[in-house]
Amino acid sequence: MASSDMTPVAPSPAPLPPGYQQSAEPPTSAEYVRLRQIAGLSPRTPEQAAGALANSWAWTTVRTAEGDLAAMGRTLGDGTWYFHLADIATDPGHQRQGLGRAVMEDLIARIEAAAPPHPYITLLADPPGQRLYRSLGFVDSTPSLGMRLPR
C-alpha cells in the first residue's frame with residue numbers, strides 16, 4: 001500500500017514461462033468455444049461466442065510458441081467505473097504455470113491504467129479459481145450476493 005492514501009499498489013506482473021506469448025487479441029470463435037469446454041466452463045455456442053468476442057471491453061490471451069491458445073480472459077465494462085472479469089480459463093495441459101495469474105494481472109492492470117481511481121472490479125469465482133482470485137486481492141462482496149436469472 002502507498003502510505004499516504006492507502007491505495008493498493010499493483011504488484012509487478014510475473015513473467016510468462018518460456019514458450020508462451022501474451023496478447024490483447026481475442027481468441028477465435030472456435031478457440032473460445034473449445035477452451036471454455038475443456039477448461040470446465042459452461043458450454044457456449046458459436047453465436048454466443050460472436051457476441052463475447054465483439055462486445056468485450058478487453059481481452060487477454062496467452063498462446064504457445066506454436067500459436068495454440070493456452071489461456072484467456074476478458075473484461076466487460078463501461079470503461080469508467082464498472083468492470084467484470086469473465087471467461088478466465090486455462091487449457092488443462094497448460095495449468096499450474098502461472099498463465100491464469102498472468103491473464104488476471106494483465107486485465108487488472110489495463111483497467112487500472114484506463115479507469116479513474118477506485119474502479120469497481122467484480123467476478124464470479126467458481127471453486128477452482130477462488131484461491132487465485134483471493135491471492136490477487138479479491139474478497140467476498142458481503143453483504144451483496146452474486147445472483148443470476150436461470151435460462
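Keep in mind the model is a prediction, meaning the values are calculated, not measured. Reckoned from all heavy atoms, side chains included, excluding hydrogens, waters and symmetry mates.
- If you take CG on L149 and CZ on R151, they are separated by 3.5 Å, rounding to the nearest 0.5 Å.
- Remark: R63 engages E31 in a side-chain hydrogen bond (donor to acceptor under 3.5 Å, both in side chains) (not counting sequence neighbours).
- For the pair D91 and R34, the minimum side-chain heavy-atom distance is below 4.5 Å.
- Criterion: ILVMFWY side-chain heavy atoms under 4.5 Å apart, direct or through other members. Under it, F138 and L107 are part of a common hydrophobic cluster.
- Counting non-hydrogen atoms of other residues, nucleotides and ligands closer than 6.0 Å to CZ of R110 gives a total above 12.
- Partners of Y82 according to the side chain to side chain contact (heavy atoms under 4.5 Å, CB included) rule, which considers only residues two or more places apart in sequence or in another chain, are D78, H84, Y120, T122.
- Taking all atoms of both residues into account, the shortest heavy-atom contact from A39 to A89 is CB-CB, 3.8 Å.
- How far CZ of R101 is from CG of L132: 5.5 Å, rounded to the nearest 0.5 Å.
- In this structure Q97 satisfies the side-chain hydrogen bond (donor to acceptor under 3.5 Å, both in side chains) test together with Y20, sequence neighbours excluded.
- Using a distance-only test at 3.5 Å, with no hydrogens or angles considered, no donor-acceptor pair links the side chain of Q22 to the main chain of T60.
- Closest of all the heavy-atom pairs between R74 and S56 is NH1-OG, 2.9 Å.
- Between I111 and W57, some side-chain heavy-atom pair lies under the 4.5 Å cut-off.
- To the nearest 0.5 angstrom, Y133 atom OH is 8.0 Å from L85 atom CG.
- Considering all non-hydrogen atoms of both residues, L99 and P17 come closest at CD2-CD, 4.0 Å.
- Taken from CG in L136 to CD in E105, the straight-line distance is 6.0 Å, to the nearest 0.5 Å.
- Taking CG of L41 as the start and CG of D126 as the end, the distance is 7.0 Å to the nearest 0.5 Å.
- Closest approach of P43 to Q48, counting heavy atoms only: O-OE1, 4.4 Å.
- With sequence neighbours excluded, no residue satisfies side-chain hydrogen bond (donor to acceptor under 3.5 Å, both in side chains) with D68.
- The minimum heavy-atom distance between T61 and E25, with the atom names listed, is OG1-O, 2.9 Å.
- With a 4.5 Å cut-off between side-chain heavy atoms of Ile, Leu, Val, Met, Phe, Trp and Tyr, the cluster of I38 takes in Y32, V33, L35, L53, W59, L69, M72.
- Across every non-hydrogen atom of L16 and A102, the tightest pair is CD2-CB, 3.5 Å.
- Distance CD1/I121 to CD1/I108: 6.0 Å, rounded to 0.5 Å.
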For this session: Check the pair L123 / M104 against side-chain contact (heavy atoms from CB on, under 4.5 Å), numbers first and verdict last.
Result: CA-CA 11 Å; L123 56 74; M104 292 287 296; 3.7 Å; yes
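- Residues passing the side-chain hydrogen bond (donor to acceptor under 3.5 Å, both in side chains) test with T64, sequence neighbours excluded: E66.
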